[in-house]
Each structure stands twice: as structure tokens, then as C-alpha cells.
Number of protein chains: 2
Amino acid sequence: MQTTAATTRPNATRTDICSGPPRRHPRPDGQDRYTISEVAAFTGLSAHTLRWYERIGLMSHIDRSHTGQRRYSNRDLDWLDLVGKLRLTGMPVADMVRYAELVREGESTYSDRRELLEATRRDVLARIAELQDTLAVLDRKISFYGDAGRAREGERTR
Amino acid sequence: MQTTAATTRPNATRTDICSGPPRRHPRPDGQDRYTISEVAAFTGLSAHTLRWYERIGLMSHIDRSHTGQRRYSNRDLDWLDLVGKLRLTGMPVADMVRYAELVREGESTYSDRRELLEATRRDVLARIAELQDTLAVLDRKISFYGDAGRAREGERTR
DNA sequence: CGCTTGCCTGGAGTGCACTCCAAGGTCATA
DNA sequence: TATGACCTTGGAGTGCACTCCAGGCAAGCG
């Protein structure tokens, strides 16, 4: 029913990203080189989308096997986790690309990145508030339809 | 920054919809016939979009002036308020059209409508949870960028 | 060796939700 | 009464985020 995201993300292993201690990544496997289809399975994104993310610069160049096939690292998976989170805040892909560029530019962009994240945080809070507002409306309407199988005062706003 | 909705909704007068008592609508004006541009101003939707909503069946035929111009009623505005709420849950327009059709079919569809609203409610709860999860990630990253203008442990996931 | 499966590329196509256009009719104000 | 802002229509165009396609390479298996 939902448009944006969250459609099919089967087992998006939610690992903590960028937290305190070095934390090794408890990925499904113990190694560090995943094929595109494995990554597709982990993240719920299609292989098409993964290649597309790379093309548009949302992911920096992925390591390759000796025959040119992509080999994703745990680092790449972490990044995809973050992208997934940002995606479901409604952030446009172009903005995520901008963030990726800042990352590639190095430490000098720390404050820019922070700002971007804080703006996103504000958006998320606003969206949560909106959704809670919507929830209230839904509850009111549901209880209207629930209270009486048939009208109690005719059709108000439908 | 946001894609979905919430871009420009200047003064979307939030009135309670379909609640208990008949409640008159404290609309900006005291009457019941608004031009399309007035409605655009109230709802933040463009006139184009309002006409389009009508074309696709998201709104039942709007009353017309003697010369054929649209005259929206308070009932129509209430409906648009609901549509706005549903829209920012991420519900596809097609589903809203489906709901509108159920409404047009009359009282016999009460339970279908209720089901649809309850499914939407579940979606909204899930989305709120996702967003709170995302918020946690953002906070962790923000505090990483905040704690030190420069790296404390190098770039983890970026 | 042939077959199947998986991956590669650039570019074209899709679906959604608008958004705009052209050509014309209407309305309020100076 | 004329000017300009506003409204009408069907249909075409836009932007985003994928999604798919054709044509081809590479590895594993009976």
C-alpha cells in the first residue's frame, strides 16, 4: 500500500552505524566480499537499483573481482543501511548524493554534514508529528465507522 | 528538502473531520462557495491539482456556477483535509480514489472503508516506528560529528 | 563442449503525481 | 467597454526513482 519505500525489505540486517567502539559487523556471513545479489537480498534493493546508486554517485566506486564483478564490503553495507534510513525519511536521492559527495571530500566537510543531518532530523520530527496528527484523524473516523455499522448522524464528511 | 508532500501548505486550516457533533466549519470565510483559487490557498494544493483530483475521481463532481466555474463547498474542503492527511501517510492516490468510490457507493461499504482505514492506521504506526528508528541513527551520527570537529576514531561508516 | 546461471554495460522505458499548455470564456474594476 | 486577472477543457510534458532490455562475458557443471 505504501509508495515510498518499505515495500520489500526482507531481512535488512539493522546494524549500528558509526557508533562508539569499532564494533565488527555481525553480517549474515563472516567475510567482507558480497556479490550484488547477496547485497540485494540483505538490503531489499534490486540489483538494478544497486548499480544505479553507484552510477549516480550515491555509492563510491565498489570494489571489483578480477573479472569485473562487484564485490561489496561490510562498509558498503553499512552505507546502504544509512541510505535506507535516509530514504524512508523522504529525503530525495539527490540530497543523499550531496551527502555522499561531502563524505568523499573528507574531514573538511564535517560541519556541512552535521548541518545536513540536523536539518533531516528536524524534518523527521515534523513528519512524526504530522503522522501522529493523521493517526488521530484515522482513529476518529475508524471509531465512527465502528460505533455503528450504519449512520448515526448521516454521512458527515463521508 | 522533502519529496512527498508538506512542501507548501500555507494555512491548511485544520478542522476536525467527521467527529461526534455536527460542528459547523470555522472556515476562513463564513459561506459555502469557494473558487478554485481560494481552495488552492486554503489547502496548499495547486488549482491544477484540484482539477486533476476531480478528473481522476478523487473528488466527486464539484458544484458549478451558472457559467460552469467550480464552486467548492465546506464539505469539499473537509474531504480535501482528509485527503491531505491520507496523502502524507504515503497512501497512493489510487487507493484514495478507491476509498472515494466506496464513499460514493453508500452505506453498504462501511465495513470496507473501516478496513481500509485500519490498514492505513497500521501503516502509519509502522512508519512512525521506522522514523523513530531513523531518528536514533541520526542522533548517533550527529553526536559523532558534534563531539569532535575532527575524527576521534577516523571515519567509521562515514 | 554445451548449457545454465549470474553478472556486466549504456540506454531506454515505466509509473506516479503532478504540472503546464493552448485556446478560449468570464468577471471585476477603472 | 476595455483591460487584465481568473476560470474552463483535453491533452501533453516533467521529475523522480527506479526498472528493464539487449547484447555480451565468465564460471560451474554433466
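Letters A, B, ... mirror the listed sequences (proteins, then strands); counts begin at 1.
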Among B:D76, B:I62, B:L80, which residue satisfies the side chain to side chain contact (heavy atoms under 4.5 Å, CB included) criterion with B:L50?
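The side chain to side chain contact (heavy atoms under 4.5 Å, CB included) with B:L50 is passed solely by B:L80 among B:D76, B:I62, B:L80.
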For [X] and [N], is the shortest distance between a side-chain N/O and OP1 or OP2 below 4.0 Å?
| X | N | value |
| --- | --- | --- |
| B:R87 | C:dC18 | yes |
| A:T35 | C:dC7 | yes |
| A:H48 | C:dG10 | no |
| B:R70 | D:dT8 | yes |
| B:T67 | C:dC27 | yes |
| B:Y53 | C:dC18 | yes |

Between [N] ([atom2]) and [X] ([atom1]): distance, integer Å:
| X | N | atom1 | atom2 | answer |
| --- | --- | --- | --- | --- |
| B:H66 | C:dT26 | NE2 | P | 9 Å |
| B:I36 | C:dC20 | CD1 | P | 14 Å |
| B:I62 | D:dT8 | CD1 | P | 10 Å |
| B:I56 | D:dG10 | CD1 | C1' | 16 Å |
| A:L80 | D:dC18 | CG | C1' | 15 Å |
| B:L50 | C:dA17 | CG | C1' | 14 Å |
| B:W52 | C:dT19 | CH2 | C1' | 10 Å |
| A:L45 | D:dC20 | CG | P | 14 Å |

Are the side chain of [X] and the backbone of [Y] linked by a donor-acceptor contact shorter than 3.5 Å?
| X | Y | answer |
| --- | --- | --- |
| B:E38 | B:T35 | yes |
| B:T109 | B:E105 | no |
| A:T49 | A:L45 | no |

Could you go over nucleotides 2-5 of chain D and give all protein N or O partners under 3.5 Å, atom names and distances?
none

Restricting to side-chain contact (heavy atoms from CB on, under 4.5 Å), what partner residues turn up for A:D32, sequence neighbours left out?
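Here the qualifying residues are A:S73, A:N74.
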Set of residues satisfying side-chain contact (heavy atoms from CB on, under 4.5 Å) with respect to A:R51, sequence neighbours excluded
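Testing A:R51 for side-chain contact (heavy atoms from CB on, under 4.5 Å), a comparison that skips the adjacent residues, returns A:I36, A:A47, A:H48, A:R70.
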Using a strict threshold of under 4.0 Å (side-chain N to carboxylate O), is an ion pair present between B:R64 and B:E54?
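Yes.
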Where the side chain of A:S37 is defined as all heavy atoms beyond and including C-beta, which of C:dG6, D:dT9, D:dC18 is the nearest nucleotide?
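Of C:dG6, D:dT9, D:dC18, C:dG6 is nearest to the side chain of A:S37.
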Proximity to the side chain of B:R51 - top-ranked nucleotide from D:dC6, C:dC18, D:dT8:
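For the B:R51 side chain, the nearest candidate turns out to be D:dT8.
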Using side chain to side chain donor-acceptor pair (under 3.5 Å) as the criterion, list what pairs up with A:R71, not counting sequence neighbours.
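In terms of side chain to side chain donor-acceptor pair (under 3.5 Å), with neighbours along the sequence ignored, A:R71 is linked to no residue.
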Can you list everything that forms a salt bridge (charged side-chain N to carboxylate O under 4.0 Å, His left out) with A:D139? Sequence neighbours excluded, please.
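A:D139 satisfies salt bridge (charged side-chain N to carboxylate O under 4.0 Å, His left out) with B:R121 only.
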Would you kindly compare A:M96 and B:E54 by the position of their nearest DNA chain D nucleotide and give the one closer to the 5′ end?
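Going by which nucleotide is closer to the 5' end, it is B:E54.
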Please write out each protein N/O paired with an N/O of nucleotides 11-14 of chain D under 3.5 Å, distance rounded to 0.1 Å.
| residue | atom | partner | partner atom | Å |
| --- | --- | --- | --- | --- |
| D:dG11 | N7 | B:R55 | NH1 | 3.0 |
| D:dG11 | O6 | B:R55 | NH2 | 3.1 |

B:Y145 vs A:Y110 aromatic rings, parallel, tilted or perpendicular, using cut-offs 30° and 60°?
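The rings of B:Y145 and A:Y110 stand perpendicular, inter-plane angle above 60°.
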Return the 5'-most residue of the pair A:R64, B:Q69 with respect to DNA chain C, ranking by each residue's nearest nucleotide.
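The residue closer to the strand's 5' end, by nearest nucleotide, is A:R64.
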